[in-house]
Amino acid sequence: MNLVRSISLKNPSNSTESISFAPPCFSTPSTPLSRHYFWNSQPGVCLDPPTKQDSPTAATYKCMSSILTKDGQVLSIAVLNGTTAYTGSESNVIRIWKLPEFTECGQLKSTAKMVVAIQVSNDRVFAAYVDSKIRIWSRSTYGGVTKHVRLVTIPKTGGYVRSYISGKDKMMKHMAPISSLDISLSDDIIYSASLDKTVKAWRISDLKCMETIQAHSAPINAVVIAENGVLYTASDDATVKVWRRNFGSNNSCPHALTVTLPAKSSPVKTLALNSEAGVLYGGCTDGYIHYWLKGWFSGQLQYGGILQGHTHAVLCLSSFSNFVVSGSADSTVRIWIRQQDEEHICVAVLQGDRGPIRSLAAFPCRVVEDSDQDGCIVCTGSMDGVLKLWQVSCCSNPGLSRIGSDYFELNK
């Protein structure tokens, strides 16, 4: 596989440089799987060296586990501390998995179906459903056993009716399905984005709707909140908008628009914020991933370039450290490495799914024996109902291309 570099705008005058595209990637045929059927595949190795000496020269990956569920399309995944995964699907069940064994260890059930977004903290689980409601469970662990208790559904039906009659907040409930969810525990806020073109801020302490942001002119697909309180929203109107929260009890508009980032006329389907590196990524329907670099001031962003390689829409993203992981409707997952010059190299293409990759979660794994190796674990969910757990590793020394599972251990 040819390593694909990102396109940077740092040297716009060099217009004669040719742009290389990765060849189309197709899912590999596989035999039907039975429920909770596991196998280990041989690791794939990517050894084509990039142009820069300080770039990764080898990447290995292998599918550690693959599970075919009976719940239909896998729509959402959340991982807590690298040890527990929560997956939502078309059914009314949220399944809980123990990592790295990838064995089911619990279920969260409700009357509603289609869990479109999940967020997990140490003591709570937040899940958004296609019925435009958010359901919350408490999470507690005693003696190594984790217990979940259903707490509440927001907005509450009685509270919504009373507010509607009194005229205080006729727009408290989303008028279309929720598409994305994020939480800010420090600010005590849940942010929900919806296809009704709005973002709502819910106070966690009393579960009231604090604000309805008329954010975009088209359905909103993703919402991300940064640690400093800056809010990012992505929409089918081909823009990413940046919102800054204005504190103060007398402020009638807590969130104010800071800047609008165009995405080259392509609807933005997903966002990922790498807070450590100060980079915002947006995946679009044309298969491109645009990225912006954070400036000195809060909410300030500078366009960095695009990552290209996917042949269909990018539906999910994750980024941490120098890794970027993208899932696409072309049924592949790509692993990108961000370099010191803020450009990116695609070091691996994970193939094997028959359906579009609708959701993923990625987190770092610790290299035990050699500090020159970086690794991550990727959990993917596809629209053919298959969950996969991948182990990926990169090394900067060609002589260290032999990377096995014995070199890794998950963060505990």
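Just the heavy atoms: all of them, side chains too, but no hydrogens, waters or symmetry mates, feed the values below. Nothing here was measured: the structure is a model prediction, and the numbers come from that model.
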What's the separation between atom [atom1] in [X] and atom [atom2] in [Y], rounded to the nearest 0.5 Å?
X    : Y    : atom1 : atom2 : result
C209 : I154 : SG    : CD1   : 9.0 Å
L360 : S76  : CG    : OG    : 12.0 Å
Q302 : L293 : CD    : CG    : 6.0 Å
L108 : H148 : CG    : NE2   : 5.5 Å
I289 : R334 : CD1   : CZ    : 9.0 Å
L315 : T285 : CG    : OG1   : 9.5 Å

- Query: Which residue, I357, V378, D353, forms the side-chain contact (heavy atoms from CB on, under 4.5 Å) with K388?
  - Reply: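 Output: one option passes, namely D353.
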
Do the side chains of [Y] and [X] get nearer than 4.5 Å, heavy atoms only?
X    : Y    : answer
I337 : C394 : yes
T270 : V314 : yes
V386 : S66  : yes
L301 : Y232 : yes
I189 : R245 : yes
C284 : H290 : yes
V116 : P177 : no
R244 : L231 : no

- Item | Residues I136, L207; criterion side-chain contact (heavy atoms from CB on, under 4.5 Å); working and verdict | CA-CA 10 Å; I136 303 175; L207 305 176; 3.9 Å; yes

Closest non-hydrogen atom pair between [X] and [Y], with its separation:
X    : Y    : result
F320 : C376 : CZ-CB, 3.4 Å
R338 : S321 : NH2-O, 3.0 Å
W243 : T258 : C-OG1, 4.1 Å
W390 : Q351 : CH2-O, 3.2 Å
D236 : P267 : OD1-CB, 3.5 Å
D131 : K173 : O-CE, 3.8 Å

So, does [X] use its side chain to make a donor-acceptor pair with the main chain of [Y] at under 3.5 Å?
X    : Y    : value
D196 : H174 : no
N274 : E276 : yes
Q119 : L181 : yes
S89  : G72  : no
E90  : Q73  : yes
S331 : G355 : yes
D330 : H310 : no
N92  : S110 : yes
S393 : G375 : no
S235 : A218 : yes

- side-chain hydrogen bond (donor to acceptor under 3.5 Å, both in side chains) partners of S265, counting only residues at least two apart: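 If we apply the side-chain hydrogen bond (donor to acceptor under 3.5 Å, both in side chains) test to S265, skipping adjacent residues, there are no hits.
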
- Task: Check step by step if side-chain contact (heavy atoms from CB on, under 4.5 Å) holds for K294 and L280.
- Result: CA-CA 8 Å; K294 295 180 69 174; L280 176 69; 5.9 Å; no

- Name the orientation class of the two ring planes belonging to Y281 and H344 (parallel below 30°, tilted from 30 to 60°, perpendicular beyond 60°).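 Y281 vs H344 ring planes: perpendicular.
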
- Anything under 30° is parallel, anything over 60° is perpendicular, the rest tilted; go ahead and classify F102 against W97.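 Plane angle over 60°, so perpendicular.
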
- With D71 as reference, evaluate K113, R95, K109 under the salt bridge (Lys or Arg N to Asp or Glu O under 4.0 Å) test and give the passing residue.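 Running salt bridge (Lys or Arg N to Asp or Glu O under 4.0 Å) over K113, R95, K109 with D71 returns exactly one hit, R95.
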
- Query: What pairs meet the ring pair (Phe, Tyr, Trp, His ring centres under 6.0 Å) rule with one or both residues in residues 197-216, with sequence neighbours excluded?
  - Reply: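 As it turns out, there is no ring pair (Phe, Tyr, Trp, His ring centres under 6.0 Å) pair with a partner in residues 197-216 once direct neighbours are skipped.
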
- Task: Establish, from distance only, whether the side-chain atoms of S266 and Y288 form a donor-acceptor pair under 3.5 Å.
- Result: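 Their side chains do not contain a donor-acceptor pair, so the 3.5 Å distance test is not met.
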
- Query: Would T239 and D237 count as having a side-chain donor-acceptor pair, cut-off 3.5 Å?
  - Reply: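 Side-chain D/A pair, T239 to D237: present.
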
- Taking it one step at a time, do L350 and T380 satisfy side-chain contact (heavy atoms from CB on, under 4.5 Å)? CA-CA 10 Å; L350 312 184; T380 64; 5.6 Å; no

- Message: Please determine whether side-chain contact (heavy atoms from CB on, under 4.5 Å) holds for the pair S318 and F323, giving the CA-CA distance in whole Å, both sets of side-chain angles, and the decisive distance to 0.1 Å.
- Response: CA-CA 8 Å; S318 179; F323 282 94; over 6 Å; no

- Query: Stepwise, does the side-chain hydrogen bond (donor to acceptor under 3.5 Å, both in side chains) test hold for T260 with K241?
  - Reply: CA-CA 5 Å; T260 299; K241 291 188 176 183; 4.7 Å; no

